[in-house]
Amino acid sequence: MIKVAINNENKMFTINSNNKVEPLNNSIIEKNIKLSLMDKCLKPKSMIMVNKNTGDIIFETSELYPQHFYPQTILDYANAIKVGMKGNLDNLPILSISTKDYPYCDFRCRECLADPTRMWAIKNINKCVLELEEYKKILKEIARYSRVRGCNSVRLEICGEGNPDMHPDRLEIIKYAKEECNMSVVYISTGSKMSDELLDTLARYAYYVRISLPGISEDAYEYYSNQASKEKFTYNDAMKLLDRLCKRRKKYKREDELMIGVRTCIRSKNEGHYVELSKTLGQMGVDSFQMVKVLTDHIEDKRDIELSEKTQQDLVEISARYEELGLKHIQTPKLLDKLYINRDFLINKKPTKCFSSIVSPILYGNSLIVCIHWDKIRDKEGSYYGILTGKENELEEIMQGERAKFIRSQYPTKCSDCCSLNDNLMLEVIRSNLALFNDMDIIDFMLVY
Ligand code: SF4
Ligand code: SF4
């Protein structure tokens with residue numbers, strides 16, 4: 001079967017029997033390959049770095065994490081590093097920003113990772129919930145900063161530190177980010193407080209909506225979400241919400257670009273429901289299903305709990321059959337061993353540079369912060385680039401100034417663990433391969449389908 005590779009300018013290539021890349025030069029095949037945005041992002045099997053002069057593949061990676069970057073791809077990151085290496089790697093655009101703009105939640109999930117930090121944030125960050133006009137100016141400034149550095153559409157990940165549905169200006173923020181800043185909105189929530197207007201706004205403007213399910217049966221949902229109010233949001237409510245979202249997306253004819261996903265943690269009370277839920281989601285039109293291990297904040301005694309045999313079997317079955325079940329993409333843990341993971345650095349894996357704090361920092365209220373690691377959130381002196389007000393050109397000073405330089409000199413050397421380890425390792429591999437070439441213009445990156 002012919003292997004097709006596509007670069008960032010949508011030019012098509014093929015990989016010949018000598019494992020060299022050459023132009024496709026077949027207009028019939030080119031015309032027949034029509035990839036929607038979702039196919040383009042979800043279907044690649046690998047990314048290759050190619051010497052354009054010789055067609056040689058210099059390195060190849062299958063670690064693509066499409067749902068992590070959607071609607072961007074790893075290609076956007078590779079090309080940004082390539083451009084950055086011609087000048088200053090600290091001057092990369094912000095490709096993606098995660099905004100933690102609402103530190104209140106209606107759920108009290110067991111093992112909620114946001115719990116300790118949002119309590120801290122409410123006390124210690126002067127503006128956790130921004131006024132709409134200030135928020136708009138900040139988004140505009142981020143979009144401007146990245147645009148002049150080559151990124152025309154910043155990925156804006158809205159996930160609160162609580163329930164983002166509850167933000168009073170949510171509809172305006174989403175609409176403004178898309179229409180005035182050309183941002184690609186990614187929205188992550190349980191959906192428990194999603195009004196019909198919010199659902200409609202997401203169906204029209206967002207690129208990825210991911211609904212988090214604390215549990216994947218009625219009992220498990222009730223138990224893990226641990227809601228205090230009498231009016232509880234149930235598993236069935238979440239399923240109905242997903243169904244409405246899929247239908248609304250269809251109404252706006254956005255099935256090819258708005259990805260709808262679900263994420264759940266692998267927990268004991270979810271056992272026996274993974275396959276059944278995958279099937280239901282596939283039938284509904286949901287595209288992506290992530291089943292992830294629970295992250296621990298140094299909960300030593302929990303790390304050794306083994307995944308049950310039944311759960312391991314179900315996850316293996318889903319990995320093999322997800323397309324047949326109607327899903328476009330799934331994520332299951334690489335190692336089906338322990339129930340819990342933590343984010344400790346593996347000593348021999350520590351990258352030389354923290355790229356993610358440059359290309360994907362966190363907007364925490366009005367503060368720009370290197371990452372969402374617990375220690376960093378609390379360390380206002382050592383991890384906060386600065387406060388954003390939305391004034392034009394202020395990001396140059398914040399991201400390129402002395403303070404930022406000092407902060408960058410500390411990381412990742414002084415980090416004992418990392419919340420963006422995979423991103424940093426992947427970007428490091430790209431950087432180190434590019435460093436082998438004096439003339440980086442002879443290098444191209446391509447996704448292989
Ligand atoms: S919905 Fe999220 S933020 Fe809210 S309690 Fe659950 S895990 Fe924490
Ligand atoms: S933990 Fe350290 S290395 Fe990892 S993203 Fe945060 S600042 Fe960077």
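Nothing fancy with the numbering, it's 1 onward along the sequence. Whatever order the structure lists them in is the order used to number ligands and atoms, beginning at 1. Below, each value reflects all heavy atoms present in this structure, side chains not excepted, and no hydrogens, waters or symmetry copies.
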- Message: I need the atoms of ligand 2 closer than 4.0 Å to a non-hydrogen atom of C371, numbered in the order shown.
- Response: 1 (S), 5 (S), 6 (Fe), 7 (S)
- Message: Checking contacts now, so for atom 2 (Fe) of ligand 1, which I'm interested in, is there any protein heavy atom under 4.0 Å?
- Response: no
- Message: Can you see whether Q290 engages T264 through a side-chain donor-acceptor pair at a distance of less than 3.5 angstrom?
- Response: no
- For the pair R155 and E157, find out whether any cationic side-chain nitrogen is under 4.0 Å from an anionic carboxylate oxygen. yes
Taking distance alone, no hydrogens or angles, what donor-acceptor pairs closer than 3.5 Å link side-chain atoms of residues 276-286 to residues at least two apart or in another chain?
residue : atom : partner : partner atom : Å
S278    : OG   : Y274    : O            : 2.8
T280    : OG1  : E276    : O            : 2.9

- Numbered in order shown, the ligand 2 atoms found under 4.0 Å of a heavy atom of P412 are 3 (S)
- Can you tell me if C354 has an N, O or S atom under 2.8 Å away from atom 8 (Fe) of ligand 2? yes
- Closest heavy-atom contact between A203 and R248? CB-CG, 3.6 Å
- With atoms numbered from 1 as shown, which atoms in ligand 2 lie under 4.0 angstrom from a non-hydrogen atom of K376? 2 (Fe), 7 (S)
- Query: Atoms of ligand 2 less than 4.0 Å from Y411 heavy atoms?
  - Reply: 7 (S)
- Item | Sequence-distant partners of E133, side-chain contact (heavy atoms from CB on, under 4.5 Å), two or more places apart | K136
- Message: Can you confirm whether K391 is buried at NZ, in the sense that more than 12 heavy atoms of other residues, nucleotides or ligands lie under 6.0 Å from that atom?
- Response: no
- Message: Students often mix this up, so state it plainly: with edges at 30° and 60°, are the rings of F107 and Y221 parallel, tilted or perpendicular?
- Response: perpendicular
- Query: At a 4.0 Å threshold, what atoms of ligand 2 neighbour a non-hydrogen atom of C415?
  - Reply: 1 (S), 2 (Fe), 3 (S), 7 (S)
- Item | Pair K40 + E257: basic N to acidic O under 4.0 Å | no
Per-pair distances, 0.1 Å, donor-acceptor, side chain in residues 82-89, under 3.5 Å, sequence neighbours excluded:
residue : atom : partner : partner atom : Å
K82     : NZ   : I443    : O            : 2.7
K86     : NZ   : D441    : OD1          : 2.6
N88     : OD1  : D90     : N            : 2.8

- Item | Contact partition for C418 relative to ligand 2, non-hydrogen atoms under 4.0 Å | both
- Trace of the salt bridge (charged side-chain N to carboxylate O under 4.0 Å, His left out) decision for E394 with K137: CA-CA 11 Å; E394 71 180 349; K137 280 198 231 155; over 6 Å; no
- Shell of protein N/O/S atoms around atom 4 (Fe) of ligand 1, taken as anything under 2.8 Å: C105 SG
- Task: Output the list of atoms in ligand 1 that are nearer than 4.0 Å to some heavy atom of R118, sorted by atom number.
- Result: 3 (S), 5 (S)
- Message: Applying ring-ring contact (aromatic ring centres under 6.0 Å, His included) to Y77 and F69, what does each step give before you reach the verdict?
- Response: CA-CA 9 Å; Y77 285 69; F69 297 114; 4.7 Å; yes
- Message: I'd like to know if S356 contacts ligand 2, where contact means a heavy-atom distance under 4.0 Å to any ligand atom.
- Response: yes
